[in-house]
A.B. asks: 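Quick one: the structure is below, questions incoming.
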Amino acid sequence: MAALQATTAVTAMAAPRPAMAQRAGFKATPVSAIARPTFSRTLAHRSMKAGRVQSRVVVVQAASDKASVVVIGLAADSGCGKSTFMRRVTGIFGGEPKPPAGGNPDSNTLSSEMTTVICLDDYHSLDRNGRKEAGVTALAPESQNFDLMYEQVKALKEGKTVAKPIYNHVTGLLDPPEDTTSPNILIIEGLHPFYDDRVNELVDFRIYLDISDEIKFAWKIQRDMAERGHSLESIKASIEARKPDFDAYIDPQKKKADMIIQVLPTQLVPDEKEGKILRVRLIMKDGMKLFDPVYLFDQGSTVSWIPCGRKLTCSFPGIKMFYGPDTYYGEEVSVLEMDGQFDKLEELIYMESHLSNTSAKFYGEITQQMLKNSAFPGSNNGTGLFQTIVGLKCREVYERITEKTVARV
Ligand SMILES: Nc1ncnc2c1ncn2[C@@H]1O[C@H](COP(=O)(O)OP(=O)(O)OP(=O)(O)O)[C@@H](O)[C@H]1O
Ligand SMILES: O=C(CO)[C@H](O)[C@H](O)COP(=O)(O)O
């Protein structure tokens, strides 16, 4: 059975974490003033046989003067739009996210000037063959190395460099580790960012993409059948095989999330099963120190709004917005909902002007981001709109924790 065993010994001084900024007392510091780590040396002792990687990884690094690394967690099942979401979020911080230069072409890591996105699939402890032999899915906790995940996310948060394993989705094997340096914003995305309490504690802002079974199925068919040549039966079988572990280990993480984007079939067209028109809900925890929930018209009220008419062009079935307070697993939340889709993306500015607490830095920033990313899936509906708003919230969380100002892009 293939297994990855890695121990990470880290000798470095942890940078102190500043007290959380009070909103009123922000001091603007240019992004260019953010310090980078000064020195890093990695010793990796590896022995590799077919299907088996044993790795002892020692990261030695001098104390970093980095003020604070903000960790954002994104949880979702596979094929639920994490990559698309990440492109929207990282775009808000500027720069083009790229895999590590000159490294493994199958690396799952994407870095830009301010952000690094690591995929938690890299902490699979069993490779594809190992899971097959053990009779477990990739969603099961026994397929993950949570000890290493915790050590490395903690080290990255402390400004250190780590030798992170790579799960190769092409070969299904665990590849030799890649050096990962500490960014300003670390995004951990995957199946289990909030499952292990130690890892969960390190996360500053938790996001969950909750895609209903009907829509997940429609997206899987679209991608795996149309683009990857899989049969309908094999897609159905793969979804069914994953379902018990998804329900047991992935889905419950949404209770721990600060914001949830829930994607459901539309209620505007009876029996619409193709997943083309979506009802999308942004569920936001109330009373959080690091962000304020978005609201429509009047905070705390319950509002239903059909924006279609003279100011917003809508073809059938139109758009219906909803906003109101609710409870979610016993916690107070605010919910913003959009059912339907836009005809003309540039007219989104009309809807944007009725939303408050969006964390936009200027009038029309949401519309500008949506137009910039108009080729991404979901750009004409609530998935793109709410992913963009959550991206702006990521920036707000970063600015509140670090007391730095991110330049507008
Ligand atoms: N908002 C959306 N609207 C419509 N389709 C979408 C949307 N987001 C994703 N999809 C569909 O789902 C597929 C998977 O999206 P994406 O690659 O972003 O997901 P993922 O969670 O990163 O997947 P994986 O973990 O399997 O790599 C896309 O190819 C697209 O067909
Ligand atoms: O759920 C998943 C996370 O994206 C993958 O299925 C898991 O990582 C296993 O990958 P593969 O199917 O390439 O062996």
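Just so it is clear, the model here is predicted, and its values are computed rather than measured. Every number for a ligand or one of its atoms is a count from 1 in the order of the listing.
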A.B. asks: I'd like the name of whichever of Phe386, Trp219, Phe376 reaches closest to atom 2 (C) of ligand 1 through any heavy atom.
C.D. replies: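 Residue with the shortest heavy-atom distance to the ligand atom: Trp219.
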A.B. asks: Out of Pro377, Gly81, Gly378, whose heavy atom sits nearest atom 15 (O) of ligand 1?
C.D. replies: Gly81
A.B. asks: Taking NZ, NE, NH1 and NH2 as the nitrogens, is one of them in Glu233 or Lys236 under 4.0 Å from a carboxylate oxygen of the other?
C.D. replies: no
A.B. asks: Using a 3.5 Å cut-off on N/O to N/O, what pairs does ligand 2 make with the protein? A line per pair would be great.
C.D. replies:
from	atom 1	to	atom 2	distance (Å)
ligand 2	1 (O)	Arg242	NH1	3.2
ligand 2	1 (O)	Arg242	NH2	2.6
ligand 2	4 (O)	Asp121	OD2	2.9
ligand 2	6 (O)	Arg242	NH1	3.1
ligand 2	8 (O)	Asp121	OD2	3.2
ligand 2	8 (O)	His124	NE2	2.7
ligand 2	8 (O)	His169	NE2	3.3
ligand 2	13 (O)	Arg128	NH2	2.9
ligand 2	14 (O)	Arg128	NE	2.8
ligand 2	14 (O)	Arg128	NH2	3.3
ligand 2	14 (O)	Arg131	NH2	2.9
ligand 2	14 (O)	Tyr167	OH	2.6

A.B. asks: Can you find a heavy atom in the side chain of Thr137 that is under 4.5 Å from one in the side chain of Ser143?
C.D. replies: no
A.B. asks: Using the six-membered ring of Phe93, assess whether NZ or CZ of Arg395 lies under 6.0 Å from its centre and within 45 degrees of the ring axis.
C.D. replies: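 Not flagged: Arg395 not positioned over aromatic ring of Phe93.
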A.B. asks: Nearest protein heavy atom to atom 22 (O) of ligand 1, by residue and atom, and its distance?
C.D. replies: Ser83 OG, 2.4 Å
A.B. asks: Taking atom types as modelled and ignoring hydrogens, do the side chains of Glu272 and Thr266 form a donor-acceptor contact shorter than 3.5 angstrom?
C.D. replies: no
A.B. asks: Give a yes/no on ligand 1: does Cys80 have at least one heavy atom closer than 4.0 angstrom to it?
C.D. replies: yes
A.B. asks: For Thr383, which part has a heavy atom under 4.0 Å from ligand 1: side chain, backbone, both, or neither?
C.D. replies: side chain
A.B. asks: State whether Arg242 and Asp245 are salt-bridged, where the test is any N-O pair (Lys NZ or Arg NE/NH1/NH2 against Asp/Glu carboxylate O) under 4.0 Å.
C.D. replies: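 Looking at Asp245 together with Arg242, the answer is no, because their closest N to O distance does not fall below 4.0 Å.
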A.B. asks: For ligand 1, note which part of Gln222 has a heavy atom under 4.0 Å away: side chain, backbone, both or neither.
C.D. replies: side chain
A.B. asks: Report yes or no: is the cationic atom of Arg198 (NZ for Lys, CZ for Arg) closer than 6.0 Å to the six-membered ring centre of Phe146, at no more than 45° off its axis?
C.D. replies: no
A.B. asks: Quick one: look up the protein heavy atom nearest atom 24 (P) of ligand 1 and list residue, atom name and how far away it is.
C.D. replies: Gly79 N, 3.4 Å
A.B. asks: So do Glu337 and Gln262 actually touch side chain to side chain, heavy atoms under 4.5 Å?
C.D. replies: no
A.B. asks: Any salt bridge between Lys160 and Glu158, counting N to O under 4.0 Å?
C.D. replies: yes
A.B. asks: For Arg88 and Ser379, test the side chains for any donor-to-acceptor distance below 3.5 angstrom and give the result as yes or no.
C.D. replies: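 Yes - a donor-acceptor pair under 3.5 Å links their side chains.
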A.B. asks: Are Gln144 and His124 close enough that a side-chain donor and a side-chain acceptor fall under 3.5 Å?
C.D. replies: yes
A.B. asks: For atom 27 (O) of ligand 1, state which one of His169, Lys216, Arg223 supplies the nearest heavy atom.
C.D. replies: Arg223
A.B. asks: Using the side-chain hydrogen bond (donor to acceptor under 3.5 Å, both in side chains) rule, collect all pairs that involve residues 216-226, keeping only residues at least two apart or in two chains.
C.D. replies: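 Sorted result for residues 216-226: Asp77-Lys216.
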A.B. asks: Can you tell me the protein heavy atom closest to atom 18 (O) of ligand 1 and the distance?
C.D. replies: Thr84 OG1, 2.7 Å
A.B. asks: Tell me which protein heavy atom sits closest to atom 20 (P) of ligand 1, plus the residue, atom name and distance to 0.1 Å.
C.D. replies: Lys82 N, 3.5 Å
